[in-house]
Amino acid sequence: MPSMRSVHPLYVQLKASLLERIESGEWPSGQMIPTEQELTTLHNVSRTTVRQAIRDLVDAGYLIRQQGRGTFVQRKVHTQSTHLYGFMEELEQANQPISIREFQATVIPVSERIASLLRITPRQNVLFVSRVICTDGEPLFYDESYLPEDLLARIRTQGATRSLYKLLEAEGISIASGEQTVTAALAGPLRATRLACRADDPVLHVERITEDGAGRPVEYSSVSYRADRYAFAVKLTRQETI
């Protein structure tokens, strides 16, 4: 319960109290929290204080409002790595439960832009794989990948359950390095449909080129994460400069 003698505003104290219940697991992901009126009575604060605390936790991605139903816990997925993992492998490393929706694998002629990234001839056939990856039953990211055409049969049978990197390696294709860019974007109509969010919601967009031991590109991926559900941490060390 917030303390009147604290130097922090009441809504900050209440937010800290609610966040502690989320992070301790007392309120697990998917649980509906008490109503504004219940929190007002329980913590002996104003409705304005409750609304501000909840608004901050919604903005931070810990809570989500569902029209006509209430406010629910929605914990962000945090990953941290200094090694090259596939996007599904990152979740496995973070011990996240994973499910896959809307899996598609088909052969298509590649566009000029992606052909240049993969260093192949424009209009050459490649394997296009798209998947919606979910955690806790909710979409986390939408993945579009372009790979060698001859992987079609294996990925059609196993791609809905396995990391694409592991499938590449099972075919004798080494995964040696990757280069990626991360940008902020709006979901837009297509990604909003896949990610069950609004078109003007923010997403974290990642583009990655993966190369084998000889430096040959073997995969191009375009991945969009729901910004309210995902955070990526990078550990940095400082080197002395001259």
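We count residues from 1, following the sequence as given.
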Would you kindly confirm whether V223 and I98 end up in one hydrophobic cluster when ILVMFWY residues are joined by side chain heavy atoms under 4.5 Å apart?
yes
Under 3.5 Å, is there a donor-acceptor pair linking the side chains of E207 and Y220?
yes
Checking S174 side chain against G213 main chain: does a donor-acceptor pair fall under 3.5 Å?
yes
Would you mind reporting whether I54 and L63 have side-chain heavy atoms less than 4.5 Å apart?
yes
Quick check against the 3.5 Å criterion: does R226 have a side-chain atom that pairs as donor or acceptor with the backbone of F141?
no
Main-chain N/O of E38 paired to T35 side chain as donor or acceptor, under 3.5 Å
yes
Decide if atom CD of E179 counts as having more than 12 heavy atoms of other residues, nucleotides or ligands within a radius under 6.0 Å.
no
Single-linkage hydrophobic cluster V50~V58, side-chain heavy atoms < 4.5 angstrom
yes
Parallel, tilted or perpendicular: which one describes the rings of F128 and Y146, with boundaries at 30° and 60°?
tilted
From S130 atom OG to R194 atom CZ, the distance as rounded to the nearest 0.5 Å:
6.5 Å
Distance only, no hydrogens: is a donor on one side chain within 3.5 Å (strictly under) of an acceptor on the other, for E144 and Y142?
yes
Is there a salt bridge (charged side-chain N to carboxylate O under 4.0 Å, His left out) between R51 and E36? Walk through the geometry before answering.
CA-CA 7 Å; R51 287 175 177 169; E36 289 183 0; 2.9 Å; yes
Just by distance, with hydrogens left out, do Q104 and R131 show a side-chain donor and acceptor under 3.5 Å apart?
no
With sequence neighbours left out, write down each residue that passes salt bridge (charged side-chain N to carboxylate O under 4.0 Å, His left out) with R198, or none if nothing qualifies.
D200, D201
So, R191 and S224: side-chain donor and acceptor under 3.5 Å apart, yes or no?
yes
Could you work out, with salt bridge (charged side-chain N to carboxylate O under 4.0 Å, His left out) as the rule, every residue matching R101, not counting sequence neighbours?
none
Residue pair R21 / S24: nearest heavy atoms and the distance that separates them:
O-OG, 3.3 Å
Residue pairs passing the ring-ring contact (aromatic ring centres under 6.0 Å, His included) test with at least one member in residues 179-211, sequence neighbours excluded, are none
Before you tell me yes or no, could you show the steps for L186 and V203 under side-chain contact (heavy atoms from CB on, under 4.5 Å), namely the whole-Å CA-CA distance, both residues' side-chain angles and the distance that decides it to 0.1 Å?
CA-CA 6 Å; L186 298 179; V203 296; over 6 Å; no
